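Input: a single structure, listed below in structure tokens.
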Amino acid sequence: MFENRVRDTLRAAINNTAGDYLSDVRFAPGDKGMIITAVVRGPRAPTPQEVRAPTATMPTSPDSLPADLRVRFVLTQTITAKGLLYPD
């Protein structure tokens, strides 16, 4: 249940940016809590502030330890016959 709620929270935050989407979320125990790695694909990398924002609304981990959100960004471009769909 925790993992599904984290995915929903991240999806809502990331899918607000035109062209970006959440392609995968991985969970791993860390030294000081849960490490959550979100794989995001899109035309523009998120800023540190955009990575920090969803942590305020993320659910508490089952062990009540803090979560460390990390974003692995993969640049993608969508090209149509008229050019880039999401230009800078």
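Atom set for the values below is all heavy atoms of this structure, side chains included, hydrogens, waters and symmetry mates excluded. In this text the structure is predicted, and so the values were computed from the model without any measurement.
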Check: Given Met34 and Leu65, is the side-chain contact (heavy atoms from CB on, under 4.5 Å) satisfied, shown in steps?
Finding: CA-CA 7 Å; Met34 178 75 65; Leu65 292 174; over 6 Å; no
Checklist line | Sub-4.5 Å side-chain heavy-atom contact between Val6 and Phe27 | finding: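 Of all side-chain heavy-atom pairs linking Phe27 with Val6, at least one is under 4.5 Å.
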Next item on the list: For the pair Ser23 (side chain) and Val39 (backbone), establish whether a donor and an acceptor sit closer than 3.5 Å, ignoring hydrogens and angles.
Entry: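 Yes: the side chain of Ser23 pairs with the backbone of Val39.
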Check: Between Glu50 and Arg44, does a salt bridge (Lys or Arg N to Asp or Glu O under 4.0 Å) hold up when you go through it step by step?
Finding: CA-CA 12 Å; Glu50 291 169 326; Arg44 185 188 64 79; 3.0 Å; yes
Grab the two heavy atoms, one from [X] and one from [Y], that are nearest each other, plus how far apart they are.
X	Y	value
Pro43	Tyr86	CG-CB, 3.7 Å
Ser64	Thr60	CA-CG2, 3.8 Å
Gly42	Asp20	CA-OD1, 3.1 Å
Pro46	Phe73	CD-CD1, 3.7 Å

Next item on the list: Kindly determine whether Arg70 and Arg26 satisfy side-chain contact (heavy atoms from CB on, under 4.5 Å), including the steps that lead there.
Entry: CA-CA 10 Å; Arg70 300 173 183 184; Arg26 298 180 184 140; over 6 Å; no
Could you tell me the separation between the [atom1] atom of [X] and the [atom2] atom of [Y], rounded to the nearest 0.5 Å?
X	Y	atom1	atom2	value
Arg7	Phe2	CZ	CZ	10.0 Å
Leu85	Ile79	CG	CD1	10.0 Å
Thr47	Gln49	OG1	CD	4.5 Å
Arg52	Thr55	CZ	OG1	8.0 Å

Checklist line | Check against side-chain contact (heavy atoms from CB on, under 4.5 Å), Ile36 and Val25 | finding: CA-CA 7 Å; Ile36 302 170; Val25 181; 3.8 Å; yes
Note to self: Let's go through Arg5 and Asp8 carefully: what are the C-alpha distance in whole Å and the side-chain angles of both, what is the deciding distance for salt bridge (Lys or Arg N to Asp or Glu O under 4.0 Å) to 0.1 Å, and is it a yes or a no?
What the structure shows: CA-CA 5 Å; Arg5 290 176 53 209; Asp8 290 344; over 6 Å; no
Next item on the list: Check each of Ile14, Leu10, Val71 against Pro54 using the side chain to side chain contact (heavy atoms under 4.5 Å, CB included) test, and report the only one that passes.
Entry: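 Filter result, single survivor: Leu10.
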